[in-house]
Amino acid sequence: MKIQIVRDVLEANDQLADSIRGEAKKLGFTLINIMSSPGSGKTSLLESVIPELKKKGIRLAVIEGDITTTADAERIAILDIPVAQINTEPFGGDCHLGAEVIIPALQKFDLANLDLVFIENVGNLVCPAEFDTGADYNFVVISTTEGEDKPLKYPLMFRVCDTAIINKIDLLPYLDIDINKLKKNISQINPKINLMSCSAKTGENIPGIAQFIFNLVK
Amino acid sequence: MHELQIAQNIITIVNDELLKSENKNNVDTVYFIAGRMRAIIPETLQFSFDVQKKSHKQLKNSKLSIKEINIAIKCKDCEHQQTISEPVFHCNKCLSTNIEIINGNELYVDSIELNE
């Protein structure tokens with residue numbers, strides 16, 4: 001006997017994600033999910049952009065999804081903003097953040113008095129693309145050291161993101177990467193993506209990125 | 001690695017449907033559909049399913065059948081439809097980038113076959 005089912009395997013996650021977006025709309029904060037490979041500079045980008053956003057009067061918080069260590073959370077906490085570290089088991093860390101772990105993390109904040117919450121996802125270009133975190137916007141950070149081919153190898157990531165930020169442009173003189181080819185590959189996967197480049201280390205283009213994020217805030 | 005959670009979700013959905021139908025028969029095959037956009041590695045999903053099914057009475061002897069769906073896009077400007085084997089998301093007829101993905105994003109449990 002055959003039983004017809006036709007149920008999406010991510011339905012439970014997607015429902016939770018929708019409920020997060022509903023809550024964010026009601027309380028008036030914007031949720032931005034930042035994804036990348038390990039070491040592309042998600043934390044560095046936040047370290048450079050957060051002071052600019054604070055100067056513009058944005059009240060913000062960060063959810064840190066790093067596996068096992070609190071190193072990133074400590075780097076962000078120095079900026080004097082609320083940080084919620086998602087707890088993963090030592091040695092049993094997950095490869096992505098699902099909506100079910102975002103909900104308790106958000107509950108640690110005084111959401112009614114926040115304008116913006118960043119999620120720093122686990123460094124990985126595959127799994128985080130599959131799981132809707134409930135964010136209003138998805139960003140992918142790709143660094144110049146990763147090579148031009150990464151968008152072609154991880155197309156889902158570049159399809160689900162609204163914005164791609166090329167980081168570490170200060171290293172371009174020392175690398176063989178053709179940045180125009182990287183941009184072309186990103187646009188080929190997602191012609192509608194907002195494409196920006198910066199150096200979180202030197203601060204190049206960081207004010208522009210801060211302004212872009214400022215304009216997204218509800 | 002996401003295959004581990006997807007396998008777990010497949011088992012949750014099947015158990016939920018078995019409970020709803022009040023059917024006590026064992027499952028012979030679970031039919032699963034995966035679009036190629038979703039970057040599922042069938043061998044890994046199969047392995048994750050086989051590891052986890054053992055603790056579920058009606059599923060422990062079941063097989064997982066994975067059907068992969070190619071990515072198909074439709075041009076919103078000229079209506080041309082095509083399947084793509086490389087990640088190039090533009091119309092190959094009029095070169096427009098104004099396209100929608102019509103197939104390839106699937107990720108669902110289609111049906112189950114039960115033992116008589």
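This structure is a prediction, so every number in the text was calculated from the model and none was measured. Every chain is numbered from 1 and lettered A, B, ... according to where its sequence line falls, protein lines coming before strand lines.
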Look at B:Thr97, B:Leu107, B:Asn105 and state which one has the largest set of heavy-atom pairs under 4.5 Å with chain A.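 Heavy-atom pairs under 4.5 Å are most numerous for B:Leu107.
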Which one, B:Asn115, B:Leu114, B:Asn98, leads in non-hydrogen pairs under 4.5 Å with chain A?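 The answer is B:Leu114.
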Who among A:Asn190, A:Asp8, A:Ile3 has the most heavy-atom pairs with chain B under 4.5 Å?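 The candidate making the most pairs under 4.5 Å is A:Ile3.
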Between A:Pro191, A:Gly98, A:Ala12, who has the most heavy-atom pairs with chain B when the cutoff is under 4.5 Å?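 With the most close heavy-atom pairs to chain B, the winner is A:Pro191.
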What parts of residues 65-91 of chain B touch chain A if we use heavy atoms and a cut-off under 4.5 Å?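 When heavy atoms of chain A are the reference, residues 65-91 of chain B contributes B:Pro87, B:Val88, B:Phe89 within the under-4.5 Å range.
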Hey, which residues of residues 13-37 of chain B are touching chain A, say heavy atoms under 4.5 Å apart?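 Hits under 4.5 Å: B:Ile13, B:Asp16, B:Glu17, B:Lys20, B:Ser21, B:Asn23, B:Tyr31, B:Phe32, B:Met37.
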Nearest 0.5 Å, what's the [atom1]-[atom2] distance between [X] and [Y]?
X	Y	atom1	atom2	value
A:Lys192	B:Ile99	NZ	CD1	7.5 Å
B:Ile112	A:Met1	CD1	CE	7.5 Å
A:Glu130	B:Gln5	CD	CD	10.5 Å

Any side-chain heavy-atom pair from [X] and [Y] closer than 4.5 angstrom?
X	Y	result
B:Asp110	A:Gln4	yes
B:Arg38	A:Leu10	yes
B:His2	A:Val126	yes

Taking atom [atom1] of [X] as the centre, does the number of heavy atoms from other residues, nucleotides or ligands within less than 6.0 Å exceed 12?
X	atom1	result
A:Asn215	CG	yes
A:Lys218	NZ	yes
A:Phe212	CZ	yes

Evaluate A:Arg159 against B:Ile101 for side chain to side chain contact (heavy atoms under 4.5 Å, CB included), listing each step before the verdict. CA-CA 10 Å; A:Arg159 287 293 304 179; B:Ile101 296 178; 3.7 Å; yes
Heavy-atom contact with chain B under 4.5 Å, split by part of A:Lys153: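 Contact with chain B involves no heavy atom of A:Lys153 at all.
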Heavy-atom proximity to chain B below 4.5 Å, by part of A:Phe158: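 Neither part.
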Tell me, side chain or backbone of B:Glu116 under 4.5 Å from chain A's heavy atoms, or both, or neither?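 Looking at B:Glu116, just its side chain touches chain A.
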